[in-house]
Structures are given as structure tokens and as C-alpha cells.
**Student:** 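Handing you a structure now.
If you're wondering where the values come from, they're calculated on a predicted model, not measured in any experiment. Sequence lines set the chain letters: A, B, ... in the order given, protein chains first and strands last, and positions in each chain run from 1.
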Amino acid sequence: MTDHSPLVLFNSLTRQPEPFVPVHAGEARVYSCGPTVYNYPHIGNMRAYVFADVLGRTLSYKGYALTHVINITDVGHLTDDADAGQDKMEAAAAARAQSIWDIARHYTQAYWDDIAALNIRTPAHWSIATEYVPQMIAFAQTIAARHCYELPSGLYFDIASVADYGLLARAHTEEGAGRIDEVEGKRHAADFAIWRKTPAGETRQMEWDSPWGRGAPGWHLECSVMSGALLGFPFDIHTGGIDHREIHHPNEIAQNQAFCCTGGLADPASSGARVWMHNNFLVDRTGKMSKSSGEFLRLPLLIDRGYHPLAYRLMCLQAHYRSELEFSWDGLGASLTRLKRLVMAVAQLRDRAGQGADQPGPRFAEALARFDAAISDDLNTPVALTVLDEVVAMKKVDPAEKLAAIGVIDAVLGLGLLTLNRIDLRLRPKAATIDEAAIATVLDARRAARADKDFARSDALRDDLSAAGVEVMDGDPLGWDWRPTAATPATGATA
RNA sequence: GGCCCGAUGGCGGAAUGGUUACGCGCCGGACUGCAAAUCCGUUUAUGCCGGUUCGAUUCCGGCUCGGGCCUCCA
């Protein structure tokens with residue numbers, strides 16, 4: 001792993017791949033837009049953090065000292081129009097008759113559970129929006145005179161006050177059909193709230209005093225403030241979902257420009273971050289990605305159905321982060337099968353390796369160079385995975401060295417191959433009608449029948465288990481003697 | 001309506017101006033009491049119409065279809 005390719009990342013600002021050049025030598029400072037904790041994250045949301053995690057792991061692998069920040073937005077966002085809707089956090093609290101703070105705590109924890117299940121490394125900082133309100137007010141005061149104007153509903157940012165507004169979105173701000181309900185007095189349709197005043201006569205659970213009256217910060221403000229406070233302007237990389245490329249990040253950039261008193265975006269440092277990266281969506285043709293439709297695709301739902309969460313991570317890695325990825329249960333099953341085979345191969349390797357070398361050795365140099373080239377090419381994880389497969393399949397090599405080579409690759413991909421057991425992958429679907437002990441009992445009886453060459457009885461027991469959602473596997477190399485049939489939906493579920 | 005993106009085998013999904021990765025599935029073989037699991041091997045694809053080119057899946061134009069954003073959803 002000596003011949004490193006230069007790391008090239010696709011910058012949304014220029015729409016070009018660019019060599020990564022750190023702002024501070026040897027360091028990489030990354031800010032990722034995190035969740036708004038008014039509901040559970042769905043697996044499409046989580047794709048963004050798998051992407052950010054791979055980016056962070058790649059930077060670490062390349063030798064940069066990584067400082068990663070992910071924010072938690074616990075300040076409410078509006079539900080519909082930018083300035084007229086109901087606050088999402090307030091709405092969730094009202095619907096559940098809980099304190100807005102309880103709501104935030106609950107969904108933050110749910111998000112963190114998903115993060116852990118997906119083997120996403122904990123960032124250096126989880127920045128909590130409500131802990132930065134004083135800094136947000138200070139930030140707003142800094143830019144107010146030159147870049148903002150006040151209306152009865154709040155303090156607004158004048159997008160004409162900075163150069164190149166909307167460059168990131170490649171959008172022209174001349175508004176076409178007026179589908180947005182204009183806030184009375186706004187100078188441009190795209191002007192956005194820096195501070196939202198609480199309407200007269202109302203009280204909100206979350207509100208703060210400010211020079212513009214009691215209210216709450218606009219949500220674009222928090223990312224500017226927290227990224228600047230924790231990483232310093234300019235920092236290296238700002239990530240988020242591709243939807244943020246259109247509105248949120250252009251606004252964030254405009255705020256950063258105003259705050260830094262810098263000019264146009266010809267100099268990428270003016271935007272606050274040198275590189276802006278956006279992951280594409282997970283698309284779901286079944287329509288279960290919509291949070292408004294009741295049951296949507298959450299990670300725990302996959303687990304309940306018998307799919308290990310890391311199968312979902314692998315599914316994400318099989319596509320490039322800038323491509324849309326089609327979700328299907330069959331596809332998830334395919335990823336689980338691939339992961340299972342990888343894990344099994346590595347487990348066998350561990351059995352044979354013993355106390356061996358912890359370095360890959362020259363036999364692996366060529367493959368690792370190709371891995372390096374792939375991941376350096378704007379995080380091409382699909383190709384990186386093919387290199388992993390090749391390394392796993394290599395014959396006549398020292399097992400300990402091979403294990404070390406796999407370790408190098410998995411440190412970036414984060415599939416947990418060195419620690420995951422095949423047994424770990426055998427999740428029992430929640431809906432299964434049989435428990436582990438019962439399975440073991442039937443399997444014992446079946447073993448006895450087979451020893452007696454009573455194959456009629458043996459097959460009957462196998463059919464019983466099959467009817468209960470358990471597929472029997474004799475002679476599995478690693479003792480995985482059954483698996484849940486629900487985890488392999490591609491096969492006809494004949495009972 | 002405005003802006004933008006995409007179309008690769010059964011499914012997912014890479015890459016490339018000239019031999020179309022890889023995974024899963026399918027099929028064949030080994031193994032098995034039979035299966036399954038596992039291992040080995042094999043098979044199939046660049047939406048349509050033009051253009052540029054010695055040569056296009058790749059570059060350009062048009063068409064069709066699909067998708068995203070313009071409503072704070074990654």
C-alpha cells in the first residue's frame with residue numbers, strides 16, 4: 001500500500017472532479033448535514049451517512065487527521081412554506097403530547113442506533129443545534145446590517161447582497177410561476193429567514209430572545225454557525241443529500257460569504273468549504289420511503305425481517321454515491337448473500353491464520369494499488385468491492401497476510417468483516433413462528449433420524465421447519481445449520 | 001410551467017472512442033440419502049433515430065420513456 005493514487009473528489013460547486021488539497025496540511029475537516037429529529041430516519045436518509053462515513057474512512061486511510069462533525073437539528077423546521085408553515089418539531093410534540101425536548105431526544109437516539117448498526121464511525125462532534133443558539137444570534141448580528149432586512153415575521157437574508165447566489169444549484173433565481181406563497185415584503189422570492197419571530201400572542205416550546213424579538217433561528221443558519229464554530233472557515237468538505245444542493249446549501253453558502261466578507265465563488269474558499277459533496281437518493285418504487293405514508297423503510301424494519309443492517313450498508317456500497325440506487329427486498333437479499341459469503345470466507349481465513357503477519361505483503365501490492373485507485377477515484381466503492389472479492393479469492397497466499405489485506409480494504413468499506421460472525425448475520429424475522437430453542441430441538445431430532453437412516457422422518461422434520469420459516473442447511477462449512485427463509489425472498493416461499 | 005439528471009443482461013450496478021466489471025439470480029458440475037448451504041464453472045445487455053469517426057455503448061443533435069428539484073425530505 002505504498003503507491004497511493006491522489007484522492008480525487010467530485011465538487012458539486014464546480015461540477016468537476018478535483019484533487020483533494022487540505023486547507024490545513026495533514027488534516028481533513030468535514031461537516032455533514034445531519035437529521036432533523038422530529039421523526040425516525042428512513043434507510044434513504046441513512047445512505048447519506050454511509051456515504052459520509054466512507055468519505056471519512058477514506059480520508060483516514062489516506063493519512064489525514066480527520067475531524068468530522070455531524071449536526072443534529074433539534075430546532076423545529078417549518079412543515080410547508082418557508083415562512084408560513086407549522087413547525088415540524090412543534091407538530092410532532094403536539095401529535096404525541098410530549099415535550100418537544102423529549103421528542104428530540106427520542107428520535108436522536110433512534111438515529112444514533114441506526115448509525116451504530118451501520119458501522120458508521122462516531123464523528124468527533126455531534127453538534128446539537130439548540131446548544132448553539134447564542135452563536136447563531138451573534139452570527140446573525142454580524143451579517144444583519146449589510147445582508148439582512150427585517151419584516152414583521154422575521155429577519156431575512158437578501159440574496160442579492162452576495163455574489164454568485166445559487167451557483168451550487170446551477171439555478172437562476174428569477175422566479176417563474178409563483179408557486180411559493182410570497183411572504184409580504186420579501187425583496188426576492190429566494191430570500192430566506194435568518195430569524196423567525198414567534199407570532200404575536202403565541203408561545204412556542206422552543207424559542208429564544210434575540211435583537212429581532214422572541215423566536216427561533218432559521219434553519220440554514222445553524223449549519224453555517226456550527227460548521228464555522230467547530231471547523232473554522234474555510235474547512236475542507238461539506239456533505240449532504242443531493243436535495244440540499246438546491247436550497248439549503250446555496251443559502252448556507254450565501255451566509256458564509258456574508259460572514260466571511262469574501263467575494264464571489266470563483267474562489268471555492270469563499271463558500272465556507274472548499275468542496276461540497278452530495279450523495280444521490282435511494283429510490284424506492286414501492287413508495288415506502290415517504291414518511292407521511294405511515295410505515296416507511298426504517299433500518300429496524302429490515303432487521304425485523306431478518307436482514308442484517310450491514311447488508312444494507314453493502315447495498316449502498318455496491319452503487320456509486322452519486323448514482324441513484326434502487327431499493328428492493330430482492331436486492332437487499334442479494335446483498336445479504338454477498339455479505340454472508342464474504343464473512344464466511346474471512347472467518348475461515350481467521351481459523352487458518354493463527355498468529356501470522358499483520359502486513360499484507362508483496363503478493364497483495366497490485367490488488368491493493370487497484371483498491372487505492374478505485375477509492376481515490378471519487379470513492380468508487382463498487383469497483384473497490386470487486387478488488388475485495390479478488391483478494392478474498394486469491395489462492396496459495398499466506399492466510400494471515402490475506403487477512404491483513406482484507407483489513408486494509410475493510411477499514412475503508414466498514415463492513416466489519418474482521419469481527420462479524422456468520423452467526424451474527426442469521427437474524428430471525430420478527431414474524432417467525434418459532435424460536436431458537438424450538439429450532440434446536442427439531443434439528444436435534446432430525447439429526448437423530450438421519451443417523452438412523454430414517455429419511456422419511458428427517459424430511460418431515462425439515463418440512464416442519466420450512467413451514468415455520470426456517471430453512472435447514474446440512475453440512476454448512478461454518479455450522480450455520482439453518483437460516484430464516486424470509487431473508488431470501490427471491491426463492492418461492494412455498495410452504 | 002422553469003431548471004436539472006438519467007436510460008447498460010432476469011435484477012442491482014461499474015467502466016470505456018476499439019476485448020462490455022462485479023454481485024445476486026439462472027444453468028451445469030462437485031458435495032449430499034435427497035435437498036439446502038458451500039465450492040468450481042458457464043450464460044445473457046448498452047432505449048429509438050440521425051451525425052462526427054477507420055470504429056460509438058461511450059462524443060454531438062433530436063425523439064421516447066423515467067426521475068429529481070422549484071414546498072426546509074438524505
Side-chain angles (χ1 to χ4, degrees), chain A residues 32-36 39 41-52 73 76-85 88 166 169-181 189-190 192-193 218-220 239-248 251 278-283 285 289-292 314-315 318-320 322-328 330-342 344-345 348 374 377 380-390 450 453-456 458-459 462 466 471-483 485 488 490-491:
Chain A
S32 297
C33 275
T36 303
N39 203 339
H42 58 55
I43 59 174
N45 297 130
M46 297 312 293
R47 187 184 183 196
Y49 309 108
V50 171
F51 152 63
T73 299
H77 288 179
L78 303 170
T79 50
D80 48 19
D81 180 75
D83 305 292
K88 280 187 174 178
R170 293 292 187 273
H172 305 290
T173 54
E174 321 310 325
E175 301 305 311
R179 288 185 56 192
I180 307 172
D181 288 336
F192 54 92
W219 85 286
H220 306 296
T239 78
I242 197 166
D243 52 332
H244 286 335
R245 196 181 67 188
E246 315 303 327
I247 299 292
H248 175 48
N251 289 349
H278 298 92
N279 63 282
N280 214 319
F281 283 120
L282 180 76
V283 297
R285 304 297 173 202
M289 207 64 73
S290 168
K291 291 188 180 180
S292 57
L314 177 58
M315 188 180 192
Q318 288 177 135
H320 188 92
R322 284 194 287 119
S323 300
E324 284 186 348
L325 171 59
E326 299 264 354
F327 175 82
S328 71
D330 283 357
L332 185 61
S335 296
L336 177 61
T337 299
R338 184 180 192 177
L339 178 62
K340 183 179 66 184
R341 289 176 183 164
L342 279 171
M344 196 186 67
Q348 284 179 324
D377 179 17
N380 194 331
T381 53
V383 170
L385 278 167
T386 69
V387 179
L388 173 63
D389 280 328
E390 291 175 35
R450 292 185 70 209
K453 300 268 195 275
D454 183 357
F455 297 122
S458 147
D459 289 350
R462 184 166 66 195
S466 175
E471 185 176 5
V472 175
M473 300 181 294
D474 294 328
D476 181 74
L478 287 183
W480 214 43
D481 48 9
W482 64 269
R483 70 172 174 181
T485 48
T488 54
T491 58

**Student:** Note every stem involving RNA chain B: at least three consecutive Watson-Crick or G-U wobble pairs, i with j then i+1 with j-1, with both distances under 3.5 Å.
**Tutor:**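 Stems (3+ consecutive pairs) listed as B:1-7 with B:64-70, B:10-12 with B:22-24, B:27-30 with B:38-41, B:47-51 with B:59-63.
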**Student:** Give every pair of a protein N or O atom and an N or O atom of nucleotides 31-35 of chain B that lie under 3.5 Å apart, one pair per line with the distance.
**Tutor:**
from	atom 1	to	atom 2	distance (Å)
G33(B)	O6	Arg450(A)	NE	3.3
G33(B)	O6	Ser458(A)	OG	3.0
G33(B)	N1	Asp459(A)	OD1	3.0
G33(B)	N2	Asp459(A)	OD2	2.7
C34(B)	O2	Arg462(A)	NH2	2.8
C34(B)	N3	Arg462(A)	NH1	3.0
C34(B)	N3	Arg462(A)	NH2	3.4
A35(B)	N6	Asp474(A)	OD2	2.9
A35(B)	N1	Asp474(A)	OD2	3.1
A35(B)	N3	Arg462(A)	NH1	2.7

**Student:** Strictly below 4.0 Å: does Lys340(A) bring a side-chain N or O up to OP1 or OP2 of A37(B)?
**Tutor:**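 The answer is no; no side-chain N or O of Lys340(A) sits under 4.0 Å from OP1 or OP2.
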**Student:** Can you sort out the partners of Asp481(A) under side chain to side chain donor-acceptor pair (under 3.5 Å), two or more places apart, ordered by chain and number?
**Tutor:**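 Side chain to side chain donor-acceptor pair (under 3.5 Å) check on Asp481(A) returns Arg426(A).
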**Student:** Determine, using ring centers only, whether His220(A) and His248(A) are less than 6.0 Å apart.
**Tutor:**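 Between His220(A) and His248(A), which both carry aromatic rings, the centre distance is below 6.0 Å.
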**Student:** Over all strands shown, is Phe51(A) touching base, sugar-phosphate only, or nothing at heavy-atom distances under 4.0 angstrom?
**Tutor:**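 It contacts nothing in the nucleic acid.
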**Student:** So, does Asn380(A) get its side chain near the phosphate of A15(B), meaning an N or O under 4.0 Å from OP1 or OP2?
**Tutor:**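 Answer is yes, contact under 4.0 Å.
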**Student:** Rounded to the nearest angstrom, tell me the gap between atom CE in Met315(A) and atom P in G12(B).
**Tutor:**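 After rounding, the gap between these two atoms is 10 Å.
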**Student:** What integer distance in Å separates Ile247(A):CD1 from C72(B):P?
**Tutor:**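 Rounded to the whole Å, the gap is 7 Å.
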**Student:** Tell me whether the OP1 or OP2 atom of C24(B) has a side-chain N or O from Arg341(A) closer than 4.0 Å.
**Tutor:**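 Yes.
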**Student:** Report which part of the nucleic acid Leu325(A) touches: base, sugar-phosphate, or nothing (heavy-atom distance under 4.0 Å, all strands).
**Tutor:**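 Since only primed, P, OP1 and OP2 atoms lie under 4.0 Å of Leu325(A), the category is sugar-phosphate.
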**Student:** Grab the NE2-C1' distance between His244(A) and C72(B) for me, whole Å please.
**Tutor:**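 Value for this atom pair: 8 Å.
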**Student:** Output yes when at least one side-chain N/O atom of Ser323(A) is less than 4.0 Å from OP1 or OP2 of G6(B), else no.
**Tutor:**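 No, outside the criterion.
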**Student:** Atom CG of Asn279(A) to atom C1' of C69(B): distance rounded to whole Å?
**Tutor:**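 In whole Å, C69(B) C1' and Asn279(A) CG are 15 Å from each other.
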